Amino acid sequence: MLPEQNPAHSAGLSYTLGMGGIAVIAAVMTTVTGALLMFYYEPTLSGAYPSLALIDSVVSSGRLVRALHYWAAQVMVVAMVIHTARIVFTGGYRPPRDVNWFIGLGLLLVTLVWNFSGYVLRFDASSIWALLVGTNLLKELPGIGSTLYLIIVGDQALGSATVLRFYTWHVFGLTLLGLGGIGYHLWRVRVDGGLSRPDWTADQSRRFVSRETILFRELITALVLTGSLVLLSIFTPPDLGPPADLNQVSGQSVQAPWFFLAIQWLLRYIPSLWAGWIVPLAGLVLLALLPLLDRRGPGRGRWFARERWQPQAAFAGLLLLILVLSLLELFQVK
Ligand code: HEM
C-alpha cells in the first residue's frame, strides 16, 4: 500500500508516533491468537468458563496464547487512542483526509465493542455483571431499545443464546468489520495522497524515504512489540475470576473493562439514558464535527499548531474528563 517514495516529513516516528502501525500489528496478533483459542473455547453457557480454565491450566501454551490475545487487544485500544490524539494535534483530519477520519471513528467503535464482547466471553462473575449492565442499557433506548435488546441478547434474559450471539459477533462479525475496516482505512491513506504534511512550499527540503526503509522500520516495530507482549503475557497473564452464577448476579461486583470505567462512574450518579447513551454520543459527535468545523487555513501537518488551538483544547478537555472519571471509578471516589 506504500508508494515507492514517501515524504520524509511524515514518515518518521516523531510525526506518526508509529501508533497506527502498532494498532495494525496488534489487530493481526489478536486475530491469530483468537483463531488458536477457537480450538478449545466452548461457546455454551455451561462450557465457556470451564473451557477457559482448561486453556489456562491444561492446554499446552494455552495460558500464553490467551494472555497474548488479551494484551494485544488492550494494546490495540491504547494505540488507537494515542493515534487519534496524534491526528488531532497534527490536524491530520482536515480534507481530503476527513473521510478517513470518519472511517477511523467507525473503527474506534468497532474496536471497543470487539474488545467488550471478548471480555464478556469469559463468563466469570465480573464480566457477567458488565454484560448485564451493558445489555440493560440497550433497553433504555427509546423506540428501538427492546427490539435491539432481543436481537443482541437472543432472549428475554441472559442465557445460552446470549453466549452464542456474543461469540459469533466476536469471532466473525466484528472481526470482519474490524479487519475489513482497517484494510480500507490504510488504502484511503494512500488514496488521500499519503499522510498529512504542510504545503510543499513550506517544506523546502523535499526529502523522501523509500518504501523498503519504512517496511524495515515496521518489521522492527513488529518484532519489538511481539517480544514485549510475550514478556508481559508471561509475567502478568489476565485473570479469570470465580465462575458466574446467573441466578445470583445481584451479589457480584460490577467491573467494566478499563475503557468503560468513565461510563460506569457516570451510571452511578446520573440517569442511565444520559450516562450510557447521551453523554458518550455527545463526545462522539464532537469528534465527528472536528473536520467540519476546522477545514482549512494554516497549521496542518505540524504538532500543536497555535492556529488550531480550539479543536486541540476541546479534544484535550474530552480526554482529561474521561481520564478523571475513570480514575474516580477505579479508586471508588464518590
Ligand atoms: C483499528 C484502529 C486503527 C488503525 C489500525 C489505524 C491505522 C492507521 C495507519 C497505519 C495510518 C497511517 C500511519 C499513521 O498515521 O500512524 C493511519 C492514518 C490515519 N488514521 Fe488511523 N487507524 C485506526 C484508527 C483510527 C481512528 C480511531 C481515527 C480517528 C478517529 C483514525 C484516523 C486516521 C487518519 C485521519 C489518518 C491519516 C492521518 C494523516 O494523514 O496525518 N484512525 N491510521
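This is a predicted model, so every value here is computed, not measured.
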Is there a continuous path of hydrophobic side-chain contacts, each under 4.5 Å between heavy atoms, that joins L158 to Y119? no
Side-chain heavy-atom pair V209, Q5 within 4.5 angstrom cut-off: no
Just by modelled atom types, is the R94 backbone N or O under 3.5 Å from a matching donor or acceptor in the R296 side chain? no
Among the clusters formed by ILVMFWY side chains lying less than 4.5 Å apart, do I263 and L148 turn up in the same one? yes
When rounded to the nearest 0.5 Å, the distance separating CG of L52 from CG of L37 is 8.0 Å
Hey, mind stepping through L325 and E329 against side-chain contact (heavy atoms from CB on, under 4.5 Å) and telling me if it holds? CA-CA 6 Å; L325 295 187; E329 177 60 26; over 6 Å; no
Candidate pair I278 and L273, rule side-chain contact (heavy atoms from CB on, under 4.5 Å), full reasoning: CA-CA 6 Å; I278 298 178; L273 179 65; 4.1 Å; yes
So, are E307 and R302 salt-bridged, with charged N and O less than 4.0 Å apart? yes
Pairwise distance CG(L45) to OG(S160) - rounded to 0.5 angstrom: 4.5 Å
Indicate, with yes or no, if the rings of Y184 and W187 have centres closer together than 6.0 Å. yes
Would you find more than 12 non-hydrogen atoms of other residues, nucleotides or ligands less than 6.0 Å from W274 atom CH2? no
Test question: given the 4.5 Å side-chain rule for I, L, V, M, F, W and Y, name all other residues clustered with V32, or answer none. V28
Run the side-chain contact (heavy atoms from CB on, under 4.5 Å) test on S117 and W169 for me, step by step, so that the C-alpha distance in whole Å, both residues' side-chain angles and the decisive distance to 0.1 Å come before the verdict. CA-CA 8 Å; S117 61; W169 272 108; 5.6 Å; no
Can you tell if the side chain of V99 reaches within under 4.5 Å of the side chain of V191, non-hydrogen atoms only? no
With side chains defined as the heavy atoms from C-beta onward, is the minimum distance between V78 and I82 less than 4.5 Å? yes
According to the ring-ring contact (aromatic ring centres under 6.0 Å, His included) rule, which pairs have a member within residues 41-100, sequence neighbours left out? Y41-Y167, F89-F304, F89-F315, Y93-W101
Would you say the side-chain atoms of R197 pair up with the backbone N or O of H9, donor to acceptor, closer than 3.5 Å? no
Pairwise distance CG(L266) to CD(Q264) - rounded to 0.5 angstrom: 10.5 Å
Assess, by modelled atom type and distance only, whether the side chains of T221 and R217 contain a donor and an acceptor separated by less than 3.5 Å. no
Is R66 close to P238 at the side-chain level, that is, under 4.5 Å between some pair of heavy atoms? yes
How close do I234 and P237 get, heavy atom to heavy atom, and via which atoms? O-CD, 3.9 Å
Begin from the C-alpha positions of S146 and K139 and carry the test side-chain contact (heavy atoms from CB on, under 4.5 Å) through to its verdict. CA-CA 5 Å; S146 45; K139 289 189 195 156; 5.5 Å; no
Mind listing the closest non-hydrogen atom pair of R122 and S127 along with its distance? CB-OG, 3.8 Å
Rounded to the nearest 0.5 Å, how far apart are CD1 of I25 and OG1 of T226? 7.0 Å
Could you work out, with side-chain hydrogen bond (donor to acceptor under 3.5 Å, both in side chains) as the rule, every residue matching T135, not counting sequence neighbours? none
Is any side-chain heavy atom of L293 closer than 4.5 Å to a side-chain heavy atom of P311? no
Residues A35 and F39: closest non-hydrogen pair is O-CD1, 3.5 Å
Treating Ile, Leu, Val, Met, Phe, Trp and Tyr as nodes and any side-chain heavy-atom pair under 4.5 angstrom as an edge, say whether M29 and L179 lie in one connected cluster. no
Find out if a path of hydrophobic residues (ILVMFWY) with successive side-chain heavy-atom gaps under 4.5 Å connects I152 to V113. no
Can you find a pair of side-chain heavy atoms, one from L318 and one from L287, that are under 4.5 Å apart? yes
Return yes if some donor-acceptor pair links the side-chain N/O of H170 with the main-chain N/O of L121 below 3.5 Å, else return no. no
If I compare all heavy atoms of R300 with all of R97, which pair ends up nearest, and what's the gap? NH1-NH1, 3.9 Å
Quick one: OG on S46 to CZ on F123, what's the gap to the nearest 0.5 Å? 11.0 Å
Flag the pair I22 / V75 as yes when at least one side-chain heavy-atom distance between them is below 4.5 Å, and no otherwise. yes
Smallest separation among heavy atoms of L174 and W114, with atom names: CB-CD1, 3.6 Å
Treating W303 as the side-chain partner and S14 as the backbone partner, does any N or O pair qualify as donor plus acceptor under 3.5 Å? yes
Among I270, L328, L330, which residue meets the side-chain contact (heavy atoms from CB on, under 4.5 Å) test with W265? L328
Does the Q312 side chain pair with the main chain of R308, one donor and one acceptor, at a distance under 3.5 Å? yes
So, do D239 and D124 sit near enough that their side-chain heavy atoms are less than 4.5 Å apart? no
Just verifying a value: how many Å separate S326 OG and L321 CG, rounded to the nearest 0.5 Å? 9.0 Å
Are any side-chain N or O atoms of T162 and backbone N or O atoms of V153, one a donor and one an acceptor, separated by less than 3.5 Å? yes
Sub-3.5 Å donor-acceptor pair from the side chain of R63 to the main-chain atoms of S233, do we have one? no
Tightest non-hydrogen contact, residues G154 and A161, listed as O-CB, 3.9 Å
Could you tell me whether the side chain of S210 and the main chain of T213 form a donor-acceptor pair under 3.5 Å? yes
Are V88 and L108 connected in a single hydrophobic cluster, I mean Ile/Leu/Val/Met/Phe/Trp/Tyr linked by side-chain heavy atoms less than 4.5 Å apart? yes
Counting distance only, does the side-chain N/O of N100 pair as donor-acceptor with the main-chain N or O of H185 below 3.5 Å? yes
Atom CZ of F216: over 12 foreign heavy atoms under 6.0 Å: no
